[in-house]
Amino acid sequence: METWLARLEALYQNYIQTVQELEKNRKLGDGLLGLRPGPADDPCHDRFAADLDALLKDFAAASPDSEACASILRYLFTAPEGWQDLKSAYWMLIAVQGLGAGLIESLNAADAGELEALYAERYPRRERLPVQTQILKKLHRQAH
């Protein structure tokens, strides 16, 4: 399990580091009015999502138990914290949470209930994106 979590953390750290470097090297006007591509247009975002999807599929294929799935999902759900100022990364970290939705079916009721409470607290209803509403519904169904 720790190997999967370490791989996940490394993937996220590399992505954040890449986006920070893009922001640091941003030129005045990049991304404005569609004239020149900016950090939000970089292919690193799509690469991150594809790499995360592949990692999560490999993880699911290993038939993880509820505890392992809960650890991976907890990481996905809490990863955006602290990155609100790095907008292009923050919104991607929210969007890719949906890639972990398939793991919810492997949770036992207790783990699903714990993650449901964590998720509902971290992402208030008025701020939720559609993907977050879907995740919360799946967690609720699995918990009950």
Side-chain angles (χ1 to χ4, degrees), residues 1-26 29-34 37-144:
M1 171 54 216
E2 291 177 17
T3 313
W4 289 106
L5 199 51
R7 287 177 59 193
L8 182 64
E9 289 172 351
L11 180 64
Y12 271 70
Q13 288 170 356
N14 288 337
Y15 171 65
I16 292 294
Q17 193 172 21
T18 300
V19 175
Q20 286 175 321
E21 197 64 31
L22 288 169
E23 289 292 342
K24 186 175 111 182
N25 295 327
R26 172 185 224 151
D30 282 356
L32 292 177
L33 304 172
D41 303 310
D42 194 87
C44 75
H45 305 290
D46 291 333
R47 241 186 345 266
F48 169 68
D51 291 347
L52 178 60
D53 189 41
L55 186 144
L56 292 174
K57 284 179 180 171
D58 289 347
F59 175 72
S63 301
D65 62 11
S66 179
E67 182 182 348
C69 288
S71 293
I72 294 293
L73 288 169
R74 191 174 298 107
Y75 188 90
L76 289 176
F77 297 163
T78 59
E81 290 178 11
W83 298 111
Q84 290 88 340
D85 292 341
L86 195 58
K87 294 291 185 209
S88 60
Y90 177 75
W91 293 114
M92 179 57 74
L93 296 176
I94 297 286
V96 297
Q97 290 176 350
L99 297 175
L103 297 176
I104 293 172
E105 298 164 7
S106 299
L107 296 173
N108 61 36
D111 286 337
E114 176 193 325
L115 285 171
E116 178 187 12
L118 169 90
Y119 205 79
E121 178 186 325
R122 297 232 194 273
Y123 303 105
R125 180 183 304 248
R126 66 188 178 284
E127 297 174 10
R128 285 184 204 141
L129 298 175
V131 69
Q132 294 173 302
T133 301
Q134 292 171 352
I135 289 169
L136 203 50
K137 285 179 182 177
K138 280 189 97 163
L139 287 168
H140 182 76
R141 278 194 303 272
Q142 192 68 17
H144 298 92

Identify each donor-acceptor pair in which a side-chain atom of residues 8-19 lies under 3.5 Å from a protein atom, sequence neighbours left out, and give them as a table.
{"residue": "Asn14", "atom": "ND2", "partner": "Ala10", "partner atom": "O", "Å": "3.3"}
{"residue": "Tyr15", "atom": "OH", "partner": "His45", "partner atom": "ND1", "Å": "2.6"}
{"residue": "Thr18", "atom": "OG1", "partner": "Asn14", "partner atom": "O", "Å": "2.8"}

Verify side-chain contact (heavy atoms from CB on, under 4.5 Å) between Leu99 and Leu76, making sure each step is shown before the conclusion. CA-CA 9 Å; Leu99 297 175; Leu76 289 176; 6.0 Å; no
Please name all residues satisfying side chain to side chain donor-acceptor pair (under 3.5 Å) with Glu81, sequence neighbours left out, ordered by chain then number.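 Per chain and number, Glu81 pairs via side chain to side chain donor-acceptor pair (under 3.5 Å) with Arg122.
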Taking only distance into account, with no hydrogens and no angle test, what donor-acceptor pairs under 3.5 Å do side-chain atoms of residues 134-141 form with protein atoms, sequence neighbours excluded?
{"residue": "Lys138", "atom": "NZ", "partner": "Ala101", "partner atom": "O", "Å": "3.4"}
{"residue": "His140", "atom": "ND1", "partner": "Glu116", "partner atom": "OE2", "Å": "2.7"}
{"residue": "His140", "atom": "ND1", "partner": "His144", "partner atom": "ND1", "Å": "3.4"}

If you compare all heavy atoms of Leu103 against all heavy atoms of Ala60, which two are closest, and at what distance to 0.1 Å?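 What the structure gives for the nearest pair is CD2-CB, 3.9 Å.
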Looking at every heavy atom in both Val96 and Leu93, which two are closest together, and how far apart are they?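 Closest approach of Val96 to Leu93: CG2-O, 3.6 Å.
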Mind listing the side-chain donor-acceptor pairs of residues 105-115 below 3.5 Å, one per line with the distance, residues two or more places apart or on another chain?
{"residue": "Asn108", "atom": "OD1", "partner": "Ala110", "partner atom": "N", "Å": "3.2"}
{"residue": "Asn108", "atom": "OD1", "partner": "Asp111", "partner atom": "N", "Å": "2.7"}
{"residue": "Asn108", "atom": "ND2", "partner": "Ser66", "partner atom": "OG", "Å": "3.4"}
{"residue": "Asp111", "atom": "OD2", "partner": "Ser66", "partner atom": "OG", "Å": "2.5"}
{"residue": "Glu114", "atom": "OE2", "partner": "Arg74", "partner atom": "NH2", "Å": "2.8"}

Per the ring pair (Phe, Tyr, Trp, His ring centres under 6.0 Å) rule, what does the pair list look like for residues 76-118, sequence neighbours excluded?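 Qualifying pairs, neighbours excluded: Phe77-Tyr119.
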Between CD1 of Ile94 and CD of Gln84, what distance do you get to the nearest 0.5 Å?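 Those atoms lie 8.0 Å apart.
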Can you tell me how far the CZ atom of Arg7 sits from the CG atom of Leu52, to the nearest 0.5 Å?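 Rounded to the nearest 0.5 Å, the CZ-CG separation comes out at 11.0 Å.
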Tell me, which pairs form a salt bridge (charged side-chain N to carboxylate O under 4.0 Å, His left out) where one or both residues lie in residues 51-63, sequence neighbours left out?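 Sorted pair list: Asp53-Lys57.
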Pair up each side-chain donor or acceptor in residues 124-131 with any protein partner under 3.5 Å, not counting sequence neighbours, and list the distances.
{"residue": "Arg128", "atom": "NE", "partner": "Tyr123", "partner atom": "O", "Å": "2.6"}
{"residue": "Arg128", "atom": "NH2", "partner": "Tyr123", "partner atom": "O", "Å": "3.1"}

Quick one: side chain to side chain contact (heavy atoms under 4.5 Å, CB included) partners of Pro64, sequence neighbours excluded?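 If we apply the side chain to side chain contact (heavy atoms under 4.5 Å, CB included) test to Pro64, skipping adjacent residues, the hits are Phe59, Ala68, Cys69.
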